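Here the structure is a predicted model, which is why all the values come from computation and not from measurement.
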Amino acid sequence: MPAVIDAAVPYLAYLLSALMMLAVFLVLYTRVTRFDELKLIREGNAAAALSLGGAILGFSCTLAFSIALHASWHLFLVWSAAAMIVQVVAYACVARALRHMNQAIHDGNAAMGGVMGAISAGVGVINAACLT
């Protein structure tokens, strides 16, 4: 039984830390964007759901790779924080390049939300691969 407990402690530490980092990312990301994704999603705005969903998937990829590839919990936290910055910078760059993106997502333009979500997911996958 001690082997199970020995294995459960790091599992729970990584799981709880990753969920906490995901929550912090959601708070940070939704404050940086110029619209209230959660409110829009509650109202049925698919564009906001696609955009935020892609950002969550992209950030989660980096969390997953960091957990899988780094034995150090502290290094996992460092890479998670770096991934947050990368995702927010990616959003800022896309928002600047596609000047009407924020309004389009607010207005429910699912195509624009899908593009933003895909870019966020792609950035996250590339960021995760850079950890290898």
Side-chain angles (χ1 to χ4, degrees):
M1 196 67 153
V4 172
I5 293 172
D6 288 344
V9 170
Y11 167 79
L12 290 173
Y14 278 109
L15 178 64
L16 294 175
S17 297
L19 292 174
M20 181 190 72
M21 294 300 278
L22 185 57
V24 169
F25 171 73
L26 280 170
V27 169
L28 174 67
Y29 190 84
T30 57
R31 294 208 180 178
V32 169
T33 58
R34 296 186 181 191
F35 46 90
D36 186 348
E37 286 95 339
L38 299 177
K39 179 179 179 255
L40 293 173
I41 291 167
R42 279 188 215 102
E43 294 171 354
N45 186 317
L50 290 168
S51 177
L52 184 60
I56 291 169
L57 286 173
F59 181 67
S60 295
C61 283
T62 306
L63 290 178
F65 270 65
S66 183
I67 291 168
L69 297 173
H70 298 290
S72 165
W73 179 75
H74 298 290
L75 205 52
F76 158 71
L77 294 178
V78 169
W79 286 119
S80 299
M84 279 188 214
I85 294 167
V86 169
Q87 289 293 133
V88 169
V89 168
Y91 163 79
C93 290
V94 173
R96 189 168 181 89
L98 302 174
R99 295 199 184 273
H100 301 291
M101 180 199 65
N102 287 322
Q103 187 61 45
I105 290 173
H106 187 271
D107 293 342
N109 183 330
M112 193 65 86
V115 166
M116 186 64 232
I119 291 169
S120 293
V123 166
V125 168
I126 291 167
N127 195 27
C130 290
L131 294 174
T132 60

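Under a hydrophobic-cluster definition in which Ile, Leu, Val, Met, Phe, Trp and Tyr are linked whenever side-chain heavy atoms come within less than 4.5 Å, directly or via other members, F25 and V78 are assigned to different clusters. Note on L69 and L75: same hydrophobic cluster, where clusters join Ile, Leu, Val, Met, Phe, Trp and Tyr whose side-chain heavy atoms are under 4.5 Å apart, directly or indirectly. Both V24 and F59 are part of a single hydrophobic cluster, where members link through side-chain heavy atoms under 4.5 Å apart. Cluster annotation: L57 and V94 are assigned to distinct hydrophobic clusters (Ile/Leu/Val/Met/Phe/Trp/Tyr, side-chain heavy-atom contacts under 4.5 Å, transitive). Both I119 and V86 are members of a single hydrophobic cluster when ILVMFWY side chains are connected at heavy-atom separations under 4.5 Å.
Here the closest heavy-atom approach between residue A47 and residue G108 is recorded as CB-C, 3.7 Å. The shortest non-hydrogen separation linking S17 to L77 is CB-CD2, 4.4 Å. In this structure, N45 and H106 approach most closely via the heavy-atom pair ND2-O, 3.2 Å. Closest non-hydrogen pair, A48 versus E37, comes out as CB-O, 4.1 Å.
To the nearest 0.5 Å, the span separating CG on N109 from CE on M116 amounts to 13.5 Å. Taking OG1 from T30 and CG from L40, the interatomic distance works out to 11.5 Å, rounded to the nearest 0.5 Å. Put simply, CG on L50 and CD1 on I41 are 9.0 Å apart, with the number rounded to the nearest 0.5 Å. In this structure, CG on N127 lies 10.0 Å from OG on S66, to the nearest 0.5 angstrom. One finds the CZ atom of R31 at 10.5 Å from the CG atom of D36 (value rounded to the nearest 0.5 Å). For the atom pair CD1 of I85 and CG of L28, the computed distance is 9.0 Å after rounding to the nearest 0.5 Å.
Checking side-chain atoms of S80 against main-chain N and O of L63 turns up no donor-acceptor pair under 3.5 Å. Although no hydrogens or angles enter the test, the distance criterion places a donor-acceptor pair under 3.5 Å between the side chain of S60 and the main chain of I56.
Remark: F76 pairs with Y14 by the ring pair (Phe, Tyr, Trp, His ring centres under 6.0 Å) rule, at least two apart or across chains.
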Exercise for the section: Apply the test side-chain contact (heavy atoms from CB on, under 4.5 Å) to residues V89 and V123: give CA-CA distance (whole Å), side-chain angles for both, the deciding distance (0.1 Å), then the verdict. Expected result: CA-CA 10 Å; V89 168; V123 166; over 6 Å; no
Practice task
Test side-chain contact (heavy atoms from CB on, under 4.5 Å) on V88 and M84 and set out the steps.
Solution key: CA-CA 6 Å; V88 169; M84 279 188 214; 5.5 Å; no
Exercise for the section: Go through the steps for W79 and S72 under the test side-chain contact (heavy atoms from CB on, under 4.5 Å), then give the verdict. Expected result: CA-CA 11 Å; W79 286 119; S72 165; over 6 Å; no
Exercise for the section: Could you walk me through whether F65 and V125 pass the side-chain contact (heavy atoms from CB on, under 4.5 Å) test, one step at a time? Expected result: CA-CA 9 Å; F65 270 65; V125 168; over 6 Å; no
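Taking 4.5 Å as the limit, every side-chain heavy atom of I67 sits out of range of all side-chain heavy atoms of Y11.
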